[in-house]
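Before any comments, here is the structure.
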2 protein chains.
Amino acid sequence: MNNTRETLQKKIIFDCLKNNKVHPTAEDVYNIVHKDYPNISKATVYRVLSKLSENGQIRKLDFDTSSRFDDEIAPHYHFVCKRCNKIIDVFLNEERLTQLDEFKQTFNDFSIDDTEIVFKGLCKDCQKKEN
Amino acid sequence: MNNTRETLQKKIIFDCLKNNKVHPTAEDVYNIVHKDYPNISKATVYRVLSKLSENGQIRKLDFDTSSRFDDEIAPHYHFVCKRCNKIIDVFLNEERLTQLDEFKQTFNDFSIDDTEIVFKGLCKDCQKKEN
DNA sequence: ATATTATTAGTAATCATTATTAATAAGTAA
DNA sequence: TTACTTATTAATAATGATTACTAATAATAT
């Protein structure tokens with residue numbers, strides 16, 4: 001006997017993330033699913049997103065006033081534009097990943113499970129507008 | 001003519017950060033300064049900390065449910081213990097800083113001003129307790 | 001010293017998130 | 001299929017962090 005249940009709400013919310021790869025907030029997800037499923041509760045969205053990230057099925061990103069959610073669970077990092085707040089995924093190549101791993105092993109005071117890297121600056125479009 | 005004023009409150013709050021290098025939240029700072037200056041307002045603490053970080057005099061850290069503030073403005077990164085929530089400063093040596101700079105220059109889609117890195121795992125003490 | 005106005009204290013308002021609770025429905029067993 | 005157990009949900013209240021508001025205060029230019 002399994003103590004979790006497969007519900008329509010969980011499927012809807014998970015699918016929403018799969019179809020909206022823009023790092024939406026819980027509020028964003030609620031607004032999207034609300035269009036097609038107007039009686040889904042906001043608390044359900046928060047709870048399901050929270051549970052999914054606990055289970056490692058999605059990632060919770062905490063570099064903003066409200067948390068954002070990412071269906072991409074492969075190791076990657078983020079760039080945030082200071083002007084338009086756009087978020088761009090940053091993947092490291094093999095060489096960089098190796099460097100990062102080596103670096104993490106140089107610490108004796110702690111063991112590292114997760115690494116979050118956020119780059120901030122101006123995206124291409126906003127650089128143009130700045131001139 | 002300067003449109004900002006040097007107030008006792010600003011000095012008290014800035015000094016508080018200098019004397020409490022534990023990455024306190026705004027609430028923490030309020031509680032500390034409140035002991036010696038009971039009529040300082042919580043809104044003032046929030047406003048002054050926000051202004052100081054805008055001016056680059058302190059750093060605002062956003063890896064928690066509430067923002068934390070750091071008087072150390074030299075480039076450095078952070079480790080957060082998942083168990084006891086302790087925060088440890090992580091400084092990169094010259095070699096690593098150079099690697100990071102090189103990496104940042106490989107992007108054509110954006111320019112990078114700031115880089116925030118948060119490592120998460122277990123600190124030495126909590127690793128022991130885990131066994 | 002006076003005038004101007006940036007800043008503050010105190011508090012209300014807002015925003016994001018979590019807790020509560022009665023109703024619902026997923027999974028199990030009869 | 002039907003009944004049963006209880007995880008999950010909808011709706012909403014409560015909480016916690018932060019910001020907005022406003023009259024009073026005090027830093028600085030004149």
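Numbered from 1 within each chain, the chains take letters A, B, ... in sequence-line order. As the structure is a computational prediction, the values presented were derived from the model and not from experiment.
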Check your understanding: Does OP1 or OP2 of dA11(D) have a side-chain N or O of K42(A) closer than 4.0 Å?
Key ->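 No, because none of the side-chain N or O atoms of K42(A) sits under 4.0 Å from OP1 or OP2 of dA11(D).
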Exercise for review: Would you mind telling me which of dT11(C), dA10(D), dT17(C) lies closest to the side-chain atoms of A43(B)?
Suggested key: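 Output: dT11(C).
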Practice item. Between dA17(D), dA7(D), dG10(C), spot the one nearest the side chain of Y46(B), thanks. Key: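 Output: dA17(D).
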**Study point:** Minimum heavy-atom distance between D71(B) and K21(B), given as atom pair plus value
**Key:**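 Closest approach of D71(B) to K21(B), heavy atoms only: OD2-NZ, 2.6 Å.
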Review point. Looking at residues at least two apart in the chain, or sitting in another chain, which of them share a side chain to side chain donor-acceptor pair (under 3.5 Å) with E27(B)?
Key: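 E27(B) satisfies side chain to side chain donor-acceptor pair (under 3.5 Å) with K42(B) once adjacent residues are dropped.
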Partners meeting side chain to side chain contact (heavy atoms under 4.5 Å, CB included) with [X] (sequence neighbours left out):
X       : answer
R68(A)  : H23(A), T25(A), D28(A), L61(A), F63(A), D64(A), I87(A)
K129(A) : R83(A)
E54(A)  : S50(A), K51(A)
E72(A)  : D70(A), A74(A), H76(A), F91(A)

Point to revise | Interatomic spacing from OG1 in T115(B) to CG in L100(B) - rounded to 0.5 Å | key: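 Separation between the atoms: 5.0 Å.
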Review point. Roughly how far, to the nearest 0.5 Å, is CZ of F103(A) from OH of Y77(B)?
Key: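 Y77(B) atom OH to F103(A) atom CZ measures 9.0 Å (nearest 0.5 Å).
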What is the separation between atom [atom1] on [X] and atom [atom2] on [N], rounded to the nearest whole Å?
X      : N       : atom1 : atom2 : answer
K51(B) : dA6(C)  : NZ    : P     : 11 Å
R47(A) : dT20(C) : CZ    : P     : 14 Å
Y37(A) : dT24(C) : OH    : P     : 21 Å
N39(A) : dT9(D)  : CG    : C1'   : 10 Å

**Study point:** Any residue of residues 60-71 of chain B with a heavy atom less than 4.0 Å from an atom of DNA chain D
**Key:**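 Under 4.0 Å from DNA chain D: S66(B), S67(B).
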Point to revise | Interface residues of residues 11-30 of chain A with DNA chain D (non-hydrogen, below 4.0 angstrom) | key: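 Output list: empty, so none.
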Review point. Which hydrophobic side chains are connected to L52(A), either touching it within the sub-4.5 Å cutoff or through other members that do?
Key: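 L8(A), I12(A), I13(A), F14(A), L17(A), V29(A), Y30(A), V33(A), Y37(A), I40(A), V45(A), V48(A), L49(A), I58(A), F69(A), listed by chain and number.
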Check your understanding: End-to-end bend of the helix from dA1(C)-dT30(D) to dA30(C)-dT1(D) (five-pair axes, 10° rounding)?
Key ->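 That helix gives 30° between its end axes.
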Check your understanding: Does the K11(B) side chain pair with the main chain of E6(B), one donor and one acceptor, at a distance under 3.5 Å?
Key ->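 Here the side-chain-to-backbone pair does not exist.
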Point to revise | Test item: N93(B) side-chain N/O and E95(B) main-chain N/O as donor-acceptor pair under 3.5 Å | key: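 Yes, the answer is positive, given that a donor and an acceptor are paired below the 3.5 Å cut-off.
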Polar atom pairs between nucleotides 24-28 of chain D and protein, under 3.5 Å, N or O only, would you list them?
| residue | atom | partner | partner atom | Å |
| --- | --- | --- | --- | --- |
| dA27(D) | N3 | R5(B) | NH1 | 3.2 |
| dT28(D) | OP1 | E6(B) | N | 3.0 |

Point to revise | Pairwise salt bridge (charged side-chain N to carboxylate O under 4.0 Å, His left out) hits with a residue in residues 32-41 of chain B, at least two apart | key: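 Salt bridge (charged side-chain N to carboxylate O under 4.0 Å, His left out) check on residues 32-41 of chain B returns no pairs.
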**Study point:** Pairs involving residues 96-118 of chain A, ordered by first then second residue, that meet salt bridge (charged side-chain N to carboxylate O under 4.0 Å, His left out) (sequence neighbours left out)
**Key:**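 Passing the test, one end in residues 96-118 of chain A: D101(A)-K104(A), D113(A)-K82(B), D114(A)-K82(B), E116(A)-K120(B).
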